[in-house]
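Just so it is clear, the model here is predicted, and its values are computed rather than measured.
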Amino acid sequence: MPDSTGLGYSQISIVEAGRVAYVSGQVAVPPDGGAVPTGLADQARLAAANARAALDALGAGPEDIAILRCFMTDLGPDTLATAYPAVLELFAGAAPCVTGVGVAALAGEDLKIELELTVRLPG
């Protein structure tokens, strides 16, 4: 396997036995239901903030993420380079497994990115 640590993620995550939470895909819809940002970088930041809010609600942190799946409507090197900094900020130094998936569309026609998490609940 290639060494992915320089990219901020791991090829394998080992999770201690315990309870697991599956976090639905978080998109760039503001908590107040406002408008979806138009740019990919802004959408990635908002999706990551929503994912962080889900972690907080679970009493979990970035180190508890087992895998993050990143669905993008235009997945490629340039768009990944635009969106990935927000994902790395969400990780805050943790390095869970990451899978990127290119999709034809997401649940809303203006959405460009969706982040889905599998999280081991602490304690």
Just jot down the side-chain contact (heavy atoms from CB on, under 4.5 Å) partners of Thr73, sequence neighbours excluded, or say none.
Val103, Leu106, Lys112

Can you tell me if Ser13 uses its side chain to pair, donor with acceptor, with the backbone of Cys97 under 3.5 Å?
yes

Do you know the tightest heavy-atom contact between Ala44 and Ala83?
CB-O, 3.7 Å

Minimum heavy-atom separation for Ala81 and Pro85, please, with both atom names.
O-CD, 3.2 Å

Please step through side chain to side chain contact (heavy atoms under 4.5 Å, CB included) for the pair Leu115 and Phe71, ending with a clear verdict.
CA-CA 6 Å; Leu115 305 176; Phe71 301 92; over 6 Å; no

Between Tyr84 and Leu7 (side chain of the first, backbone of the second, donor and acceptor by atom type, cut-off under 3.5 Å), is there such a pair?
yes

Does Val23 share a hydrophobic cluster with Val27, counting links as ILVMFWY side-chain heavy atoms below 4.5 Å and allowing steps through other members?
no

Please tell me if the side chains of Leu46 and Pro37 come closer than 4.5 Å, counting only heavy atoms from C-beta onward.
yes

Taking the side chain as every heavy atom from C-beta outward, state whether Leu75 and Val101 have any pair of such atoms under 4.5 Å apart.
no

Measure the shortest side-chain to side-chain distance between Leu55 and Leu117 over non-hydrogen atoms and say whether it is less than 4.5 angstrom.
yes

As an exercise, state the distance from OG1 of Thr82 to CG of Leu40, rounded to the nearest 0.5 Å.
5.5 Å

Qualifying side chain to side chain donor-acceptor pair (under 3.5 Å) pairs, either residue in residues 24-51, two or more places apart
Asp42-Arg45

Pairs touching residues 114-123 that satisfy side chain to side chain donor-acceptor pair (under 3.5 Å), sequence neighbours left out:
Arg69-Glu116

Closest approach of Ala21 to Leu121 (non-hydrogen atoms, all atoms of both residues)
CB-CD2, 3.9 Å

Members besides Val20 in its Ile/Leu/Val/Met/Phe/Trp/Tyr cluster (side-chain heavy atoms under 4.5 Å):
Tyr22

Remaining members of Met1's ILVMFWY cluster at a side-chain heavy-atom cut-off under 4.5 Å?
Ile12, Ile14

Find out whether Thr99 and Ile67 are in side-chain contact, i.e. whether some heavy atom of one side chain is under 4.5 Å from a heavy atom of the other.
yes

Work out which heavy atom in Ile65 is nearest to a heavy atom in Pro96; give both atom names and the distance.
O-CB, 3.2 Å

For Ala66 and Val15, work out which heavy atoms get closest and say how close.
CB-CG2, 3.5 Å

Atom of Cys70, atom of Ile113 and distance for their closest heavy-atom approach:
SG-CD1, 3.8 Å

Does Tyr9 reach the side chain of Val87, with side-chain heavy atoms less than 4.5 Å apart?
no

So CZ of Arg19 and CG of Leu58: to nearest 0.5 Å the spacing works out to 9.0 Å

Pairs flagged by side chain to side chain donor-acceptor pair (under 3.5 Å) wherever residues 55-64 is involved - sequence neighbours left out:
Arg52-Asp56

